[in-house]
Amino acid sequence: MRGCPVPMPAPRPSVITRLRAAGCVFAEDEARLLGAAAATPDELDALVERRVSGLPLEHILGWVEFCGLRIEVDAGVFVPRRRTGFLVQQAARLLAGTGRPRPAPVVVDLCCGSGAVGAALAALSGPLELHAADIDPAAVRCAVRNIVPLAGAVHEGDLYEPLPARLRGRVDVLAVNAPCVPSAEIGTLPQEARLHEPRVSLDGGTDGLQVQQRVAAAALEWLAPGGHLLVETSRRQASRTVELFIRNGLTARVSSSGALDATVVIGTAVVGATAVPADPA
Ligand SMILES: C[S@@+](CC[C@H](N)C(=O)[O-])C[C@H]1O[C@@H](n2cnc3c(N)ncnc32)[C@H](O)[C@@H]1O
């Protein structure tokens, strides 16, 4: 993870033409980025060939710009989306408002993928006690490169299971962008996601909410009193994400950004709250 350098060589017209013909909407920008990544004309040709064959630009470059940072992202790892910057903004706002006397609030980036959310929060709101976790070893390898230089820790395993037990009841901000595509809709995703991002990063089960449900169910155990859970969701799913929060003893409000086409549900662990028992089947 590094800050983004700005100057780049002018893109080659022939590269722009090839990219445009392959359907790349931002062909000029992509040509500039690929040109900067290639050391020789042959290398540029090979990079363009990979892009034209459908590989995501970020997997070819090995990085993505996210919240002004250069986040490393390997092939086979979920590419952080621009809209997730809204989750970061909302979490940073809450961290600024905690007014807690402790010098380093505890922040967990659960389902961290490349670790983009945690890294951006560390850059915006540090110093933090930052932990990130993911079930996918490839994502964890990437997150280590993005998070460890910021003094964060990365854990591998299923949701909360790999987190250090000493974090129970101490987490100030739990920021989560979990897989949330209904299983039956995976086939309708754009090719770049469908073919080049792992299913575990996309598939949210039958209703798309199964991972969110498990996140919400255990959140009270991990949040500090007054701590916050933030889950990125969609406009379509927001009301059901809210229900999950309330059922599990959290307050919930929806925050949206039209500019980023982003929706986040934000909850707070109210002191003395308990989860509502599930309805009998
Ligand atoms: C939509 S991607 C988001 C990645 C990252 N938060 C971001 O915004 O770029 C979801 C991530 O959740 C991870 N994941 C899926 N199921 C998980 C589970 N049970 N426990 C931990 N991580 C999980 C996937 O491996 C993937 O990296």
Side-chain angles (χ1 to χ4, degrees), residues 77-78 84 87-88 90-91 94-95 98 102 104-119 121-122 128-144 146-148 151-180 198 200-205 207-233 240-252 264-271 273-278:
V77 173
F78 183 87
T84 302
L87 173 68
V88 172
Q90 297 304 302
L94 291 168
L95 284 166
T98 52
R102 274 189 291 135
V106 177
V107 170
V108 173
D109 174 3
L110 206 59
C111 297
C112 68
S114 63
V117 169
L121 275 172
L128 307 173
E129 180 179 344
L130 175 62
H131 295 264
D134 201 284
I135 200 166
D136 178 1
V140 167
R141 280 195 294 277
C142 227
V144 164
N146 290 311
I147 295 263
V148 170
V154 183
H155 313 276
E156 181 180 326
D158 183 23
L159 295 184
Y160 301 91
E161 174 267 324
L163 295 177
R166 65 182 172 76
L167 295 186
R168 280 180 193 271
R170 286 189 53 228
V171 177
D172 295 298
V173 164
L174 181 53
V176 189
N177 180 21
C180 60
V200 69
S201 72
L202 305 169
D203 193 341
D207 59 358
L209 296 170
Q210 285 175 15
V211 184
Q212 288 188 8
Q213 196 279 327
R214 292 177 57 222
V215 168
L220 271 189
E221 281 173 44
W222 292 88
L223 288 175
H228 304 285
L229 170 65
L230 299 94
V231 172
E232 180 169 326
T233 186
R240 284 179 294 150
T241 306
V242 164
E243 277 170 32
L244 294 176
F245 275 47
I246 291 172
R247 180 168 292 285
N248 288 288
L250 297 157
T251 64
V264 173
V265 175
I266 303 171
T268 303
V270 180
V271 181
T274 50
V276 178

Enquirer: Going by heavy atoms in the side chains, are C180 and E232 under 4.5 Å from each other?
Expert: no
Enquirer: With side chains defined as the heavy atoms from C-beta onward, is the minimum distance between L163 and W222 less than 4.5 Å?
Expert: yes
Enquirer: Would you say the side chain of V108 lies within less than 4.5 Å of the side chain of V176, judging by non-hydrogen atoms?
Expert: no
Enquirer: If you define the side chain from C-beta out and look only at heavy atoms, does anything of L167 sit under 4.5 Å from E129?
Expert: yes
Enquirer: Rounded to the nearest 0.5 Å, how far does CG of L174 lie from NE2 of H228?
Expert: 11.5 Å
Enquirer: With rounding to the nearest 0.5 angstrom, report the CG to CG distance, L230 to L110.
Expert: 12.5 Å
Enquirer: Taking atom CD of Q213 and atom CG of D207, what is their separation to the nearest 0.5 Å?
Expert: 9.0 Å
Enquirer: Can you tell me how far the CG atom of L95 sits from the CG atom of L128, to the nearest 0.5 Å?
Expert: 6.0 Å
Enquirer: Using the test salt bridge (Lys or Arg N to Asp or Glu O under 4.0 Å), find all partners of D136 that sit at least two apart in sequence or belong to another chain.
Expert: none
Enquirer: List the residues meeting side chain to side chain contact (heavy atoms under 4.5 Å, CB included) with D109, not counting sequence neighbours, and say none if there are none.
Expert: C112, V117, A132
Enquirer: My understanding is that only residues two or more places apart in sequence, or in another chain, count here; which of them pass side chain to side chain contact (heavy atoms under 4.5 Å, CB included) with E221?
Expert: R168, A218
Enquirer: Do L244 and V265 have side-chain heavy atoms sitting under 4.5 Å apart?
Expert: no
Enquirer: Can you give me the closest heavy-atom contact between N146 and S114, atom names plus distance?
Expert: ND2-O, 2.9 Å
Enquirer: Identify the residue among L94, V242, L250 that makes a side chain to side chain contact (heavy atoms under 4.5 Å, CB included) with I266.
Expert: L94
Enquirer: Below 4.5 Å, heavy atoms only, C-beta onward: do L121 and L130 meet side chain to side chain?
Expert: no
